[in-house]
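The structure under discussion appears below in the form of structure tokens.
Just so you know, ligand 1 is whichever comes first in the structure, and atom 1 is the first atom listed for that ligand.
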Amino acid sequence: MAEFGASFIPNMVVARCRDGQWGELSLKPTEAMPMHPAAHVLHYGSECFEGLKAYRSPNGGAHLFRPDRHVARMRASAEHLLLPSPPTTMLEESLRVMVREAGDAIPDYPGSLYLRPCLLGLDPNIGSAGKPSQGAIYFVLASPVGDYFAGGVRPLRLLIDDENMRATPGFGQVKTGGNYAAALRHIQRARRNHNADQVLFCPGGDVQETGAANFLLIRGNELITKRLDGTILPGITRDSLLQLARDAGLTVTERDFTVDELLEAAPHGEAALSGTAAVLTPVGTLIHGSQEITVGDGNSGPWMTRLREALGSIQSGHGADPHGWRVSV
Ligand SMILES: *Cc1c(COP(=O)(O)O)cnc(C)c1O
């Protein structure tokens, strides 16, 4: 399997919006597309995206994981950016088209087909910094991906950054390239200076999330994670894991918590990152200033292992689907 995200199925589904009116979905080759050099997205960052997975079902068909939630979040992101929002029915249909188009290219579980819906503002006018783009393009890339954990689950090293913000308050809930651009230099510095895998953004001591995944802490029988206050991305994996944690008898608390609280809980607790790509990846080490704190025994703890398996059994199609998260295509 090629590197994650760098190989695509031959076609993508595309729709154009002109003067606020969406046209039909159509299939086009996944290749360079013409765009005016003054396009709004290239200058003013009018862009949002989604990331979700389709799985090959044990009975031979294929299913998507919670596509309704991804569609709703795409529309919320578009509205925050004042981009023309594609209708719900069109977004849902675009995902089905791509899964059918991929056909046999969907790998067997634990592989999957990663879908990347994108929306870009296209108005060709560099004078429109303060105006929303009326023209837009929507497309969905599809990339077959292998087992993220091939070679075993490796616990991550996270640098706690208690100064910088990943995103501006209120915009952290929007899945837009600008937030990634803003976080990149902090992540690079953490890699270079601390051999860290990711940065846990904790501005002013408020534990938020990493550059592309939500952060979950377990202490005793309680799962603690930042509340959805606009600073963090409302992860669909996060939401699913919170539900599975409640099902398993954990107390789930969505609230603000501090770096001090985290560092105190870490040695006898569990921590992990959640997101579509990595599902639930254990955090083995927290780096804070000149200190390195081992989380639990440094490996995936019993609760996180159990939650990852519970989610995997639903996503793979092998287990029951008590919450109706699988949608057959
Ligand atoms: C996409 C994303 C997540 C994870 O969301 P999922 O819906 O679980 O994939 C978390 N944080 C950020 C910043 C993200 O962009």
Side-chain angles (χ1 to χ4, degrees), residues 4-5 45 47-55 64-78 80-81 91 95 112-119 140-141 143 145 148 156 158 161 164-187 190 197-203 206-217 223 225-245 252 254 271-283 304 307-308 310-312 314-315 323 325-327:
F4 171 77
E47 180 266 1
C48 61
F49 65 94
E50 271 303 320
L52 71 161
K53 284 176 175 174
Y55 300 89
L64 288 157
F65 184 72
R66 307 191 77 180
D68 52 322
R69 297 296 292 260
H70 287 276
V71 162
R73 193 170 66 188
M74 182 88 184
R75 286 175 52 82
S77 292
H80 262 87
L81 293 156
L91 292 173
L95 302 176
S112 62
L113 184 72
Y114 181 85
L115 297 172
R116 170 54 64 89
C118 294
L119 178 64
V140 185
L141 295 170
S143 177
V145 296
Y148 192 90
L156 301 178
L158 289 195
D161 182 336
N164 296 295
M165 287 184 198
R166 181 187 69 87
T168 56
F171 232 65
Q173 63 192 311
V174 185
K175 210 164 174 74
T176 183
N179 287 340
Y180 286 77
L184 184 58
R185 72 188 199 283
H186 304 306
I187 298 168
D197 297 295
Q198 288 292 336
V199 172
L200 181 59
F201 289 94
C202 309
D206 176 39
V207 179
Q208 297 184 343
E209 64 170 328
T210 65
N214 295 118
F215 180 77
L216 311 179
L217 172 69
L223 187 158
T225 193
K226 171 86 179 159
R227 75 198 158 96
L228 301 178
D229 65 351
T231 63
I232 63 165
L233 209 283
I236 292 156
T237 316
R238 170 190 180 280
D239 182 79
S240 307
L241 289 163
L242 297 191
Q243 183 60 54
L244 295 176
V252 171
E254 293 174 76
L273 299 184
S274 83
T276 293
V279 190
L280 187 63
T281 309
V283 174
M304 293 299 184
L307 290 176
R308 186 167 57 249
L311 185 58
I314 298 176
Q315 290 179 329
H323 303 289
W325 290 339
R326 292 194 295 252
V327 175

Item to check | For Arg166, the ligand 1 atoms whose distance to one of its heavy atoms is below 4.0 Å | outcome: 13 (C)
Checklist entry - Once you round to the nearest 0.5 Å, how far does NE2 of His186 lie from CE of Met165? => result 10.5 Å
Checklist entry - Could you state the interatomic distance from CZ (Phe171) to CG (Leu81), rounded to the nearest 0.5 Å? => result 4.5 Å
Checklist outcome for this item: Among Asn214, Asn179, Ile236, Ile232, closest by heavy atom to atom 7 (O) of ligand 1 is Ile236
Checklist entry - Taking only residues two or more places apart in sequence, or in another chain, which ones meet Ser240 in a side-chain hydrogen bond (donor to acceptor under 3.5 Å, both in side chains)? => result Arg66
Checklist entry - At a non-hydrogen distance cut-off of under 4.0 Å, which region of Thr237 contacts ligand 1 (side chain, backbone, both, or neither)? => result both
Next on the checklist: Aromatic contact between Phe49 and Tyr180, with the criterion being ring centroids under 6.0 Å apart: yes or no?
Outcome noted: yes
Checklist entry - Which ligand 1 atoms does Gly235 reach within 4.0 Å, using its non-hydrogen atoms? => result 5 (O), 6 (P), 7 (O), 8 (O)
Checklist entry - Looking at Gly211, which atoms of ligand 1 are within less than 4.0 Å of one of its heavy atoms? => result 13 (C)
Next on the checklist: Out of all atoms in ligand 1, which are within 4.0 Å of some heavy atom of Tyr180? Include the element for each.
Outcome noted: 14 (C), 15 (O)
Item to check | Atoms in ligand 1 flagged as close to Gly275, the criterion being non-hydrogen separation under 4.0 Å | outcome: 4 (C), 8 (O), 9 (O)
Next on the checklist: Could you work out, for atom 3 (C) of ligand 1, the closest of Ala278, Ser240, Gly51, Ala212 by heavy-atom distance?
Outcome noted: Ala212
Checklist outcome for this item: Applied to residues 164-181, the salt bridge (charged side-chain N to carboxylate O under 4.0 Å, His left out) test, sequence neighbours excluded, yields Arg166-Glu209
Checklist entry - Looking at atom 2 (C) of ligand 1, what's its closest protein heavy atom, distance included? => result Lys175 NZ, 2.6 Å
Checklist entry - Salt bridge check: are Arg73 and Glu50 linked by an N-O gap of less than 4.0 Å? => result yes
Checklist entry - For ligand 1, which atoms, with element, lie under 4.0 Å from some heavy atom of Arg73? => result 5 (O), 6 (P), 7 (O)
Item to check | From CD1 (Ile236) to CG (Leu241), nearest 0.5 Å | outcome: 12.0 Å
Next on the checklist: At less than 4.0 angstrom from any non-hydrogen atom of Glu209, what atoms of ligand 1 do you find?
Outcome noted: 10 (C), 11 (N), 12 (C), 13 (C)
Checklist entry - Can you tell me how far the CE atom of Met304 sits from the CG atom of Leu217, to the nearest 0.5 Å? => result 7.0 Å
Checklist outcome for this item: The atoms of ligand 1 lying under 4.0 Å from a heavy atom of Thr276, numbered in the order shown, are 6 (P), 8 (O), 9 (O)
